Structures are given as structure tokens and as C-alpha cells.
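Below is one structure; the comments refer to it alone.
Only a predicted model underlies this, so the values are computations on that prediction, with no experimental measurement involved. Counting from 1, the numbers follow the sequence of the chain as shown. Values below: every heavy atom of this structure, side chains too, minus hydrogens, waters and symmetry copies.
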Amino acid sequence: MTIKVRAAVKADADVIARLIEETERYYGSTAIQPFDERLRQVGQALFGSPSLAYALLAEDEAGTVVGYAAYSYLWPAVGSTSSMFLKELYVRESIRRSGVATALLEELRHMAAENPACSRLEWMTDSPNDGARAFYRALGYPEFQGK
């Protein structure tokens, strides 16, 4: 399967809002925010001035968005640099274990490495999320306890 990873643009707000709902349902939420409200918040956060966060989208061969990575920069990190913080990595259930999450994470890693002001890429995973923890370990990322 060929996956294309690209930066989200304003026209993607609708699909991002829908993916966020999928993410919330995946984590067990039953109190789902109304779509119009979520769509407005996505627009403000990702495409407002200033942007509060950013997103990468993964598309399959047909151009269908099948996953996303939401991230922002935190400051200060080491010295006076910033760190890229991966807030959410989500792949639609029907396409999991096909390389989508790996493609998104590798693009983030590349972006962080290419940014001279960024000293690292960081993320957190819930301790009971064994699948996510195994995914990161399989890619060679060590697991840390605490901060």
C-alpha cells in the first residue's frame, strides 16, 4: 500500500473534525461534541492566526484520508530550543497495521530533525495502551517511566 503524508490545509478541517470524533470514540468517549462546534475549533486551532497546532494527514492511493498526526511545538526544551510534541496519532481501524502510523511518525521525525530550533520529538502514551507502546518499541523507541 502506498501512503502519502502531507500537511493539513484549511480545506481538510471537515475530515480532521471527523477523525477527531473517531479518535474520541476509540478512547471510549460517549459525550461527543457537536460536529459544528468541533469543526469551528479545528479551524481555529489549526488554521487560525496564530495557529495553536498543526496536523499531518495520511492518504491512501485513492486520496482518502486514513490517519492523522496532530502536533505542536513546546518551548523551552534543551537549552533554549523547542521540542515537537505529538499530541495524537490516529489511524482508521480498517487500515491499521499497514504502515500508516509509521509513515506519519517518520515524517514528524524528519520534520523535527530538519528544524534547527527543534531538539527532539516527544509524545506520551497511556500506560494501559499496550498496542501503542508495542508499536513505538517495535520502531526502536525506548520507553521511559515518568517525565
Side-chain angles (χ1 to χ4, degrees), residues 1-77 82-113 115 118-147:
M1 166 176 287
T2 303
I3 298 297
K4 175 185 171 188
V5 175
R6 64 174 179 82
V9 296
K10 195 170 188 173
D12 296 316
D14 186 271
V15 73
I16 294 168
R18 292 182 193 289
L19 283 167
I20 289 171
E21 180 175 339
E22 283 184 38
T23 305
E24 290 175 0
R25 289 187 190 283
Y26 172 77
Y27 285 116
S29 179
T30 55
I32 303 299
Q33 175 184 38
F35 181 78
D36 289 344
E37 184 179 323
R38 188 174 345 102
L39 181 61
R40 185 176 62 256
Q41 289 177 341
V42 166
Q44 290 171 342
L46 297 179
F47 310 111
S49 182
S51 292
L52 302 176
Y54 308 92
L56 293 178
L57 300 179
E59 296 178 337
D60 65 12
E61 296 96 345
T64 302
V65 175
V66 294
Y68 76 104
Y71 66 98
S72 59
Y73 289 92
L74 303 176
W75 182 87
S82 62
S83 66
M84 179 185 281
F85 184 77
L86 171 59
K87 173 58 178 99
E88 197 66 59
L89 179 63
Y90 180 79
V91 175
R92 288 196 159 138
E93 190 170 359
S94 63
I95 199 162
R96 290 190 187 140
R97 301 195 190 308
S98 63
V100 176
T102 301
L104 286 162
L105 190 59
E106 287 303 310
E107 181 61 22
L108 287 171
R109 191 176 71 101
H110 174 75
M111 291 168 54
N115 182 344
C118 185
S119 60
R120 61 185 175 220
L121 170 60
E122 300 176 289
W123 62 86
M124 291 186 289
T125 301
D126 292 334
S127 56
N129 192 338
D130 294 328
R133 292 171 53 218
F135 165 72
Y136 293 119
R137 281 193 308 269
L139 292 176
Y141 297 107
E143 192 170 331
F144 297 102
Q145 297 298 318
K147 186 174 179 180

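Residues R97 and V91 have side chains not in contact (no heavy-atom distance under 4.5 Å, counting atoms from C-beta outward). M111 places none of its side-chain heavy atoms less than 4.5 Å from the side chain of Y54. At least one side-chain heavy atom of V100 sits under 4.5 Å from a side-chain heavy atom of L104. Looking at heavy atoms from C-beta onward, F135 lies in side-chain contact with L89 at the 4.5 angstrom threshold. Counting only heavy atoms from C-beta outward, the side chains of L57 and I16 approach each other to under 4.5 Å. Counting heavy atoms from C-beta on, the side chains of V5 and E106 never come closer than 4.5 Å.
Nearest heavy atoms, M84 versus C118: N-SG, 3.5 Å. Scanning both residues, I3 and A58, for their nearest heavy atoms gives CG2-CB, 3.9 Å. In terms of heavy-atom proximity, S83 sits nearest to E122 at OG-OE1, 2.7 Å. Across all non-hydrogen atoms, the minimal contact from T125 to A132 is CG2-CB, 3.4 Å. For A69 against L108, the heavy-atom pair with the smallest separation is CB-CD1, 3.8 Å. A pairwise comparison of heavy atoms in Y26 and Y90 identifies CB-CE1, 4.0 Å as the closest pair.
Of the inter-residue distances, the one linking L74 atom CG with R120 atom CZ reads 9.0 Å to the nearest 0.5 angstrom. Note that CD of E107 and NZ of K4 are 12.0 Å apart. Values are rounded to the nearest 0.5 Å. Atoms CD1 and CD1, from I20 and I32 in turn, are 11.0 Å apart once rounded to the nearest 0.5 Å. Rounding to the nearest 0.5 Å gives a distance of 9.0 Å between OG of S127 and CD of E143. To the nearest 0.5 Å, atoms CZ (R92) and CD (E22) are separated by 4.0 Å. In this structure, L56 CG and D12 CG are separated by 11.0 Å, a value rounded to the nearest 0.5 Å.
Note on residues 34-47: pairs passing side-chain hydrogen bond (donor to acceptor under 3.5 Å, both in side chains), not counting sequence neighbours, are E21-R38, Q33-E37, Q33-Q41. Evaluation of the side-chain hydrogen bond (donor to acceptor under 3.5 Å, both in side chains) test over residues 55-73, restricted to residues two or more places apart or in two chains, returns R6-E59, T23-Y68.
Exactly one residue among Y136, F85, F144 makes a ring-ring contact (aromatic ring centres under 6.0 Å, His included) with W123. That residue is Y136.
Checked against side chain to side chain donor-acceptor pair (under 3.5 Å), D14 has the following partners two or more places apart in sequence or in another chain: R18.
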